[in-house]
Amino acid sequence: MPENILVAVAWPYANAEIHVGNLTGSYLPADIFARYHRLKGNRVLMVSGSDAHGTPITVRADEEGTTPEEIYKRYHHKFLELFQKVGLTYDLFTTTHTENHFKVSQLIFLALKDNGYLYTEKSLQWYSPTLGRFLPDRYVEGTCYICGYEHARGDQCDNCGNLLDATKLINPRSKIDGSVPILKETEHFYLDLGKLQDDIVAFLEARKDYWRPNVVRQSLGQILAEGLHGRPITRDLEWGIPVPLEGWEHKSLYVWFEAVIGYLSAPIEWSNLTGNPDAWQEWWFNEQTKSFYFIGKDNIPFHAVIWPGQLIGAGDAFARRLLGEEQGKGKRLVLPYDVPANEFMNLEGRKISGSRNWAVWANDFLTRYDPDPLRYYLTVNMPETRDTDWDWEDFLRRNNGELVATWGNLAHRVLSFTHKNWNGRVPQPAELRPVDKEILAVVEKAFEEVGESIEKVQLRAAISKAMKAASEANKYLERTSPWLEIKTDKQAAATTMYTALQVVNALKVLFAPFLPHTSERLHRMLGYEKPLFGSQATEKVEDTLGEHTVLRYLPEGGTGKWHPERLEPGREFAKPKPLFKRLAPSIVEEERARLG
């Protein structure tokens, strides 16, 4: 029976270009996972959008002397362009700066207040005398009081990963002008995580056996060691979502609190855009839904601790406020099923740094190379359990030795040889021999193994198993040697090539979640009229906040199945073209020279 799968993808701050570390950290694994489940026949909803209210956006706006809205829209459009090129099939990629997101976020705030999980408190916050305003935590840097890292942000330390109390930073300084801020009293709403701790711990205990160790360590482990405490969810800043209460007109909801609510607001917006306003409820009020959150390790506490706390705390008060007292009664939001957070990708032995241009920028990469080699290398090198490293020499080796020589060569020589000797038609086989049945069984088993790995979000293992099946298919050709068979027994050669075509057709599907562009091309070469997947399109949406552009995956037309149909004898197929390009060794030094 089809399952409801919510694929919730980290929302990128709309203040910088996306590099390969961002792609392999969350965006690409989410797409591979979503494509597989679509092929399997599950009901997939993949959502995300640009985080328009993050402090980095206001920091960049201040630096450039422009508005946060101009900054977020500029980068949002770059994201849309990139995601279409790479082939990320978001059912909706939107932004947090929409009327819909404002409303949903404010309702979550009010639901938490209804249920007694918010409280107000006066506290000291960093204030800049030179600027005459309070500084959000990300506007303040200093030395981490836990690990001693000298460039910790006020909200979180990138070195040790801990959430921080900004007022405890050692040697604080303003990111805007470098001046030393002072502590000044202000009043804010707090999320009472301490009151929610028992429920959050119970939730994590139920999932600890199948979540990744780094996620359990940074969630359940830290709670048991340190406990949970209230965290402010409002801030002294007008760029953002207004606090929906009188007397709080000059404060907004804290971005860490409202951005994760996008995983709920985006499905609601998607439902409205598709003309079925209640469709989102199948993913959010159905206890059988499996929701997967694809993020980097720096966001684990927000997604594995705080977001579940918000969902638990909202209870059915959110549904009652949104849908009405009677219709919403008893409807509780679904908690995360898994948070498969990745570690970081480094570059040539050093940490990626955008400010130092020590990065492989995705849009720039695609001006020189095709998207599937990028997707392939980021998958075989995905930092699932430890940090990994992008190395240009390794990229060259993988492209030429695996994509071109193993999979691309297999597909091309099978189709070319058959097209030449059987007039572009699938040959009629004799009775299959043990060697033929053996390779077909190998590929059939690969479907089971690859699917199992993808469902566990072990994508490196999954693509390795797919490539291993391609290697076995090459061995099959070497054993049967159809180029020799055809000289003495054309019927035996026909049986070999009939079998090889079935194998290539199957491998095309095995590789499709990872390499959708070349799999789609091969699918067409084999004579299929309808594509494996649907299409992507951008759409402009108007609301009271103005116009925003969204990216949508349109499933209509996609007829792919996880187990492909058999190619019938006599079926016509096109003269093949190579799937991948062999790259020159010179690219290694050329690309390294671009760094920094």
task: Please lay out, stage by stage, how His523 and Lys508 fare under the test side chain to side chain donor-acceptor pair (under 3.5 Å).
output: CA-CA 7 Å; His523 186 65; Lys508 165 204 74 181; 2.9 Å; yes
- prompt: Are Arg571 and Tyr528 in a cation-pi contact, defined as NZ or CZ under 6.0 Å from the six-membered ring centre and within 45° of the axis?
  reply: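 Yes, Arg571 lies over the aromatic ring of Tyr528.
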- prompt: Honestly, is Arg43 close enough over Trp283, meaning NZ or CZ under 6.0 Å from the six-membered ring centre and within 45° of the axis?
  reply: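 Positive - Arg43 is close enough to the ring of Trp283 and near enough to its axis.
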query: Phe83 vs Phe79 aromatic rings, parallel, tilted or perpendicular, using cut-offs 30° and 60°?
result: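 Correct class here is parallel.
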- prompt: What is the ring orientation for Trp256 with Phe302, classed by angle as parallel under 30°, tilted 30 to 60°, or perpendicular over 60°?
  reply: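 Because their plane-to-plane angle lies in the 30° to 60° range, the rings of Trp256 and Phe302 count as tilted.
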Carboxylate-amine/guanidinium proximity below 4.0 Å for [X] and [Y]:
X: Arg594; Y: Glu591; answer: yes
X: Glu590; Y: Arg368; answer: no
X: Asp158; Y: Lys297; answer: no
X: Lys530; Y: Glu565; answer: no
X: Lys468; Y: Glu472; answer: no

Once you round to the nearest 0.5 Å, how far does [atom1] of [X] lie from [atom2] of [Y]?
X: Thr367; Y: Lys85; atom1: OG1; atom2: NZ; answer: 8.0 Å
X: Tyr553; Y: Leu88; atom1: OH; atom2: CG; answer: 12.5 Å
X: Asn381; Y: Ile463; atom1: CG; atom2: CD1; answer: 11.5 Å
X: Leu477; Y: Thr480; atom1: CG; atom2: OG1; answer: 5.0 Å
X: Gln84; Y: Tyr90; atom1: CD; atom2: OH; answer: 12.0 Å
X: Ser219; Y: Arg212; atom1: OG; atom2: CZ; answer: 13.5 Å

Does the side chain of [X] reach to within under 4.5 Å of the side chain of [Y], using non-hydrogen atoms?
X: Ile5; Y: Arg38; answer: no
X: Trp407; Y: Leu522; answer: yes
X: Leu366; Y: Leu82; answer: yes
X: Arg398; Y: Asp394; answer: yes
X: Pro516; Y: Arg375; answer: yes
X: Thr24; Y: Trp390; answer: no
X: Glu444; Y: His563; answer: yes
X: Tyr263; Y: Trp307; answer: yes

Test log, rule side chain to side chain contact (heavy atoms under 4.5 Å, CB included), inputs Ile18 and Leu23: CA-CA 7 Å; Ile18 286 175; Leu23 277 177; 4.1 Å; yes
Full working for side chain to side chain contact (heavy atoms under 4.5 Å, CB included) between Val86 and Tyr27: CA-CA 10 Å; Val86 176; Tyr27 315 141; over 6 Å; no
query: So with a 6.0 Å cut-off around CD of Glu393, is the heavy-atom count from everything else above 12?
result: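 It does not: Glu393 CD has 12 such atoms or fewer within range.
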- prompt: If you draw a 6.0 Å radius around CZ in Arg479, do more than 12 non-hydrogen atoms from other residues or ligands fall strictly inside?
  reply: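 No, because the 6.0 Å sphere around CZ of Arg479 holds 12 heavy atoms or fewer from other groups.
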query: Who pairs with Tyr72 by side chain to side chain donor-acceptor pair (under 3.5 Å), at least two apart in sequence or on another chain?
result: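 Per chain and number, Tyr72 pairs via side chain to side chain donor-acceptor pair (under 3.5 Å) with no residue.
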Residues forming a side chain to side chain donor-acceptor pair (under 3.5 Å) with Ser453, sequence neighbours excluded: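 Ser453: side chain to side chain donor-acceptor pair (under 3.5 Å) contacts with Lys465.
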message: So does Leu532 get a backbone contact from the side chain of Glu520, meaning a donor-acceptor N/O pair under 3.5 Å?
response: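 Yes, because the side chain of Glu520 sits within donor-acceptor range (under 3.5 Å) of the backbone of Leu532.
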- prompt: For Glu348, does its backbone N or O pair with a side-chain atom of Asp389 as donor and acceptor, under 3.5 Å?
  reply: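 Confirmed, Asp389 side chain pairs with Glu348 backbone.
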query: Got a sec, which residues hit salt bridge (charged side-chain N to carboxylate O under 4.0 Å, His left out) with Arg524, two or more places apart in sequence or on another chain?
result: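 Partners of Arg524 by the salt bridge (charged side-chain N to carboxylate O under 4.0 Å, His left out) criterion come out as none, since no residue qualifies.
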